[in-house]
Amino acid sequence: MSSARSEATMADVAHRAGVSVSTVSRTLRGLSTVSDTTRARVEAAARELSFAITRSASSLVTGRTGRVAVLMPNLASWFLSSALSGMAPALREAGLDLLVYSVTDVQERADFFDRLPARRNADALLVVSFALTPAERARLDDLGMPLIFVSQHAPGRPSVYVDDEDAALRGTRHLLNLGHRRIAFLQTFDETGFAWSSKNRLAGHLRALDDAGLEHDPSLVMSVPDWKGGGMATAVGRLMSLQDPPTALFAETDDFAFRLLAALRAANVSVPGQVSVMGFDDHVMAEVLGLTTLAQPAVELGRTAVRLTRSVIENAEGAQERHIVLPTELVPRGSTGPPPATGR
C-alpha cells in the first residue's frame with residue numbers, strides 16, 4: 001500500500017477527486033481560482049494518496065514554474081531586506097517559490113543583463129528599487145514574462161511604490177514650519193546607476209523651498225562619495241564652514257542619516273541644538289536613535305507586490321496597468337527642533 005501511494009500521480013489525485021488534472025495543479029499551488037469545495041476535495045484526495053506536487057509536474061500542465069524571481073541591488077540595506085521579508089511569507093502562502101538575484105556591482109549588473117538567468121526560471125520578475133536603463137528594460141522584456149516594479153513607479157507597467165517626491169516635500173515643510181530657512185539635502189553619490197530614489201526626493205525638497213518662496217542655494221545640495229567611510233565627515237565640514245551654514249540637514253535615507261549623526265557628533269555639532277537632522281525610511285534603529293524621519297511601509301511594499309504579482313500571473317483584468325501607491329508618514333522625534341537663535 002505505501003509503495004502504491006509513493007507512486008501516485010497528479011492524474012490519480014484528479015481521478016479520486018473527480019476533477020481535471022489542471023484543477024489539481026491550480027489547487028495544490030494555492031491559486032484563488034479554485035472554489036473552497038473543490039479545494040477541500042482535491043486536498044483530501046492528495047492526502048489519501050500521499051501525493052505532493054512537484055514543480056516539474058505542475059509546469060507540464062500549466063506552463064508555469066511556480067516560482068517568482070526578484071531582482072534587487074543588494075540584500076544588505078534595511079529597506080531592501082525588509083521588503084524581501086514581506087515578500088517571502090506572502091509567496092509561501094501562495095504556494096510560490098522565491099528566486100532572488102542580488103546584483104551588487106557594475107560587473108554583476110552587466111553579466112545579469114547579458115545572460116538573463118531568470119529566463120524560463122520564473123513566472124514573473126519583481127524589479128525592486130533598480131534604476132533600469134532603456135537598454136536594460138528592453139532586455140528584461142526579452143524574458144517573455146511579466147515585470148512588476150517595486151518601490152518605483154513604472155509607467156505602463158504594474159508597480160507598487162510610495163510617492164517619494166510628496167513625502168520629501170512634506171518632510172521639508174516640517175523643517176520650514178520649525179523655522180529653518182537654510183536646509184541642506186544630502187544624497188548618496190552613485191556612479192553605478194543603482195540609485196533610484198534620490199532624484200524624486202530631491203525634487204520634493206526643492207518644490208517645498210519653491211512653495212515657501214526660498215531661492216535654491218546649490219551649495220546646500222550635496223552628493224557624498226564614500227559616505228560609509230570618511231566622506232560624511234568631509235561633507236559635514238564643508239557645510240558647517242559655509243559663511244551661512246545650514247540649520248537643518250535632510251538625509252536621503254535613514255542609513256545615511258545615521259552616518260550623518262555620527263559625523264556631527266565627532267565634530268562636536270549638537271543635534272538639534274545647532275542643527276536638525278531628518279532621514280527617510282523609518283529604519284528599525286530610527287526610534288532608538290531619536291531620528292525624525294519619513295516612514296515608508298517596507299514590509300507592506302513586499303506583501304503588496306506579491307498580491308499584485310499573483311493578479312498579473314493569473315491574468316486578472318487590469319493587473320498589467322495597475323499602480324499601487326502606499327502611504328508615507330512623517331515621524332517627528334528628537335533630532336529636529338527650531339533653529340538656533342542666530343539661525344535664519
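Remember, it's a predicted structure, so these values are computed and weren't measured experimentally.
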Could you tell me whether the side chains of Gln296 and Thr328 share a donor-acceptor contact shorter than 3.5 Å?
no
Quick one about Ser35 and Thr37 (side-chain donor to acceptor, distance below 3.5 Å, no hydrogens or angles considered), yes or no?
no
Between [X] and [Y], what is the shortest heavy-atom contact and its length?
{"X": "Pro146", "Y": "Asp123", "value": "CD-O, 3.1 Å"}
{"X": "His216", "Y": "Asp210", "value": "NE2-OD1, 2.8 Å"}
{"X": "Pro73", "Y": "Ser129", "value": "CG-O, 3.2 Å"}
{"X": "Ser335", "Y": "Val271", "value": "O-CG1, 3.6 Å"}
{"X": "Arg238", "Y": "Ser241", "value": "O-OG, 3.1 Å"}
{"X": "Pro245", "Y": "Leu239", "value": "CB-O, 3.6 Å"}

Do Gln187 and Val224 pass the side chain to side chain contact (heavy atoms under 4.5 Å, CB included) test, and can you show the C-alpha distance, the side-chain angles, and the key distance before you say yes or no?
CA-CA 6 Å; Gln187 59 191 354; Val224 185; over 6 Å; no
Looking at residues at least two apart in the chain, or sitting in another chain, which of them share a side-chain hydrogen bond (donor to acceptor under 3.5 Å, both in side chains) with [X]?
{"X": "Ser219", "result": "Asp217"}
{"X": "Asp166", "result": "Arg170"}
{"X": "Thr172", "result": "His205"}
{"X": "Asn177", "result": "none"}

Exam field: side chain [X] to backbone [Y], donor-acceptor pair closer than 3.5 Å:
{"X": "Thr247", "Y": "His180", "answer": "no"}
{"X": "Arg182", "Y": "Asp244", "answer": "yes"}
{"X": "Arg41", "Y": "Ala17", "answer": "yes"}
{"X": "Asp105", "Y": "Glu108", "answer": "yes"}
{"X": "Gln152", "Y": "Phe130", "answer": "yes"}
{"X": "Ser159", "Y": "His323", "answer": "no"}
{"X": "Arg201", "Y": "Ala168", "answer": "no"}
{"X": "Thr293", "Y": "Phe280", "answer": "yes"}

Can you sort out the partners of [X] under salt bridge (Lys or Arg N to Asp or Glu O under 4.0 Å), two or more places apart, ordered by chain and number?
{"X": "Arg173", "value": "Asp211"}
{"X": "Arg92", "value": "none"}
{"X": "Glu300", "value": "Arg303, Arg307"}
{"X": "Asp282", "value": "Arg333"}

Partners meeting ring-ring contact (aromatic ring centres under 6.0 Å, His included) with [X] (sequence neighbours left out):
{"X": "Tyr161", "answer": "His153"}
{"X": "Phe112", "answer": "Tyr101"}
{"X": "His283", "answer": "Trp78, Phe258"}

Non-hydrogen side-chain atoms of Leu220 and Leu242 separated by less than 4.5 Å:
yes
Do the side chains of Leu98 and Leu84 get nearer than 4.5 Å, heavy atoms only?
yes
Residue pair Asp141, Arg157: steps toward the salt bridge (Lys or Arg N to Asp or Glu O under 4.0 Å) verdict:
CA-CA 11 Å; Asp141 285 337; Arg157 304 295 183 89; 2.9 Å; yes
Pair Arg139 + Asp142: basic N to acidic O under 4.0 Å
yes
With clusters built from Ile, Leu, Val, Met, Phe, Trp and Tyr whose side-chain heavy atoms come within less than 4.5 Å, directly or transitively, what are the remaining members of the cluster of Val331, listed by chain and number?
none
Can you tell me which residue among Val150, Leu96, Val68 is in a side-chain contact (heavy atoms from CB on, under 4.5 Å) with Met87?
Val150
Using the rule that Ile, Leu, Val, Met, Phe, Trp and Tyr join whenever any side-chain heavy atoms are under 4.5 Å apart, tell me whether Ile148 and Val162 fall into a single cluster.
yes
Can you tell me how far the [atom1] atom of [X] sits from the [atom2] atom of [Y], to the nearest 0.5 Å?
{"X": "Glu165", "Y": "Lys199", "atom1": "CD", "atom2": "NZ", "result": "10.0 Å"}
{"X": "Phe113", "Y": "Leu71", "atom1": "CZ", "atom2": "CG", "result": "5.5 Å"}
{"X": "Arg259", "Y": "Thr253", "atom1": "CZ", "atom2": "OG1", "result": "10.5 Å"}
{"X": "Leu261", "Y": "Met232", "atom1": "CG", "atom2": "CE", "result": "9.0 Å"}
{"X": "Glu48", "Y": "Asp12", "atom1": "CD", "atom2": "CG", "result": "12.5 Å"}
{"X": "Leu175", "Y": "Ile183", "atom1": "CG", "atom2": "CD1", "result": "5.0 Å"}

Could you walk me through whether Ser82 and Val299 pass side chain to side chain contact (heavy atoms under 4.5 Å, CB included), step by step?
CA-CA 5 Å; Ser82 296; Val299 174; 4.1 Å; yes
